[in-house]
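Accompanying notes for the structure given below.
Atoms within a ligand are numbered from 1 in the order they appear, just like the ligands themselves.
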Amino acid sequence: MKNYTSVHDVADVAALVNEALELKKSPLAHKDLGAGKTLGLIFLNPSLRTRLSTQKAALNLGMNVMVMNLDKEGWALETQEGAVMNGTTVEHIKEAAAVMGQYCDILGLRSFPKLQNKEEDYSEDILNKFIKYTGIPILSLESATRHPLQSLADLVTITEHKPAGRRPKVVLTWAPHVKALPQAVPNSFAEWMCAADVDFVITHPEGYELESSFTEGATIEYDQEKALQDADFIYVKNWSSYQEYGKVLSDGEGWMMTNEKLSNTNNAKVMHCLPVRRGLELSDEILDGPNSLVIQEAGNRVFAAQAVLKQLLENSK
Ligand code: CP
């Protein structure tokens, strides 16, 4: 693995999940692997879990970590090729990324979409420019279209809790939200579930179809009740429309996950990447009840990041 930006960078998904589970049993088993190596974590957007879990993962491998909230602490970044920088931007991404590459051995980057221009967001311009100009391995901490560290932690969590002796049924369900959110988490989750040994169903109101390349192999079911039938895992997430790009099409009344909806399932475990809006996306009764896996799922972010960092370090030897 040279960079980690999507499931397509992973040679063997099942092996990476097993690696994460082994690291969970012995987090310090490779505590010298990263000695003398530096991980830079660059955030253009806020984070709790990704920031802390990736730092913890790197520390478990003996790495040094530097964190920068580039949007607040850095010079205003220019990304356009050939720009005449006589406006508000102070530093071009070409120099900024190349300089970071001088200080770090691996660079993590979080860069959300602007949700204004589909083509611009889905070209992954910022992520690809960091890959081009740093000259070191890049670890996606969530990009415009994907969140692969979250998806790996999700698959690790499903693997830990799946019923014995059969493929689990996993349902990704859209949930209401007051803001327009990116499609990165559902895109990525769909892409990983399509690569995993699960029966995968996606349910959402009409108009919220994800870009089709992320959902190849999934069953799309617009009737949430039908989709949830016999589910073993329910992954709850809001996203804005891909077709009417970045728009919130309705208030989503009736789509919040509740205990009543669980009655139709195989006592399904409920997942969410967090942060979650209580009483809007997910009911308090689910989040505070025995079916919720959200805290265990967030805990697994450490071992997902550690498995990926371990492979990046081993490959750069
Ligand atoms: N799930 C997730 O990525 O959380 P943060 O945005 O807090 O990092």
Has Glu73 got more than 12 heavy atoms of other residues, nucleotides or ligands less than 6.0 Å from its CD?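 Yes, enclosed.
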Starting from [atom], which protein heavy atom do you reach first, and at what distance in Å?
{"atom": "atom 4 (O) of ligand 1", "value": "Arg49 NE, 2.9 Å"}
{"atom": "atom 7 (O) of ligand 1", "value": "Leu48 N, 2.7 Å"}
{"atom": "atom 6 (O) of ligand 1", "value": "Arg110 NH1, 2.8 Å"}

Side-chain donor-acceptor pair under 3.5 Å between Thr258 and Glu285, yes or no?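 Distance-only check fails for Thr258 and Glu285.
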For Arg301, the ligand 1 atoms whose distance to one of its heavy atoms is below 4.0 Å: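 Atoms satisfying the 4.0 Å criterion: 1 (N), 2 (C), 3 (O).
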Atoms in ligand 1 flagged as close to Cys273, the criterion being non-hydrogen separation under 4.0 Å: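 Reading through ligand 1 atom by atom, the close ones are 1 (N).
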Result of checking Glu142, Gln55, Arg110 against Thr50 for side chain to side chain donor-acceptor pair (under 3.5 Å):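 Going through the options one by one, the only one that passes is Arg110.
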Using a heavy-atom cut-off of under 4.0 Å, does the side chain or the backbone of Leu141 touch ligand 1, or both, or neither?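 None of Leu141 does.
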Based purely on interatomic distance, does Thr50 place a nitrogen or oxygen under 3.5 Å from a nitrogen or oxygen of ligand 1?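 Looking only at distances, the answer is yes, because the N/O contact criterion of under 3.5 Å is met.
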Of Tyr208, Tyr222, Tyr242, which is the lone residue that meets ring pair (Phe, Tyr, Trp, His ring centres under 6.0 Å) with Trp174?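 Considering Tyr208, Tyr222, Tyr242, a ring pair (Phe, Tyr, Trp, His ring centres under 6.0 Å) with Trp174 is found only for Tyr208.
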Do you know which two heavy atoms are closest between Ala231 and Val171, and how far apart they sit?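 Looking at all heavy atoms of both residues, the shortest contact is CB-CG2, 3.7 Å.
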Quick one: which of His147, Glu297, Gln150, His272 has a heavy atom closest to atom 3 (O) of ligand 1?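 Looking at heavy atoms only, the winner is His147.
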So Asn117 and Tyr245, do their side chains get closer than 4.5 Å, heavy atoms only?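 Heavy-atom side-chain distance check fails, nothing below 4.5 Å.
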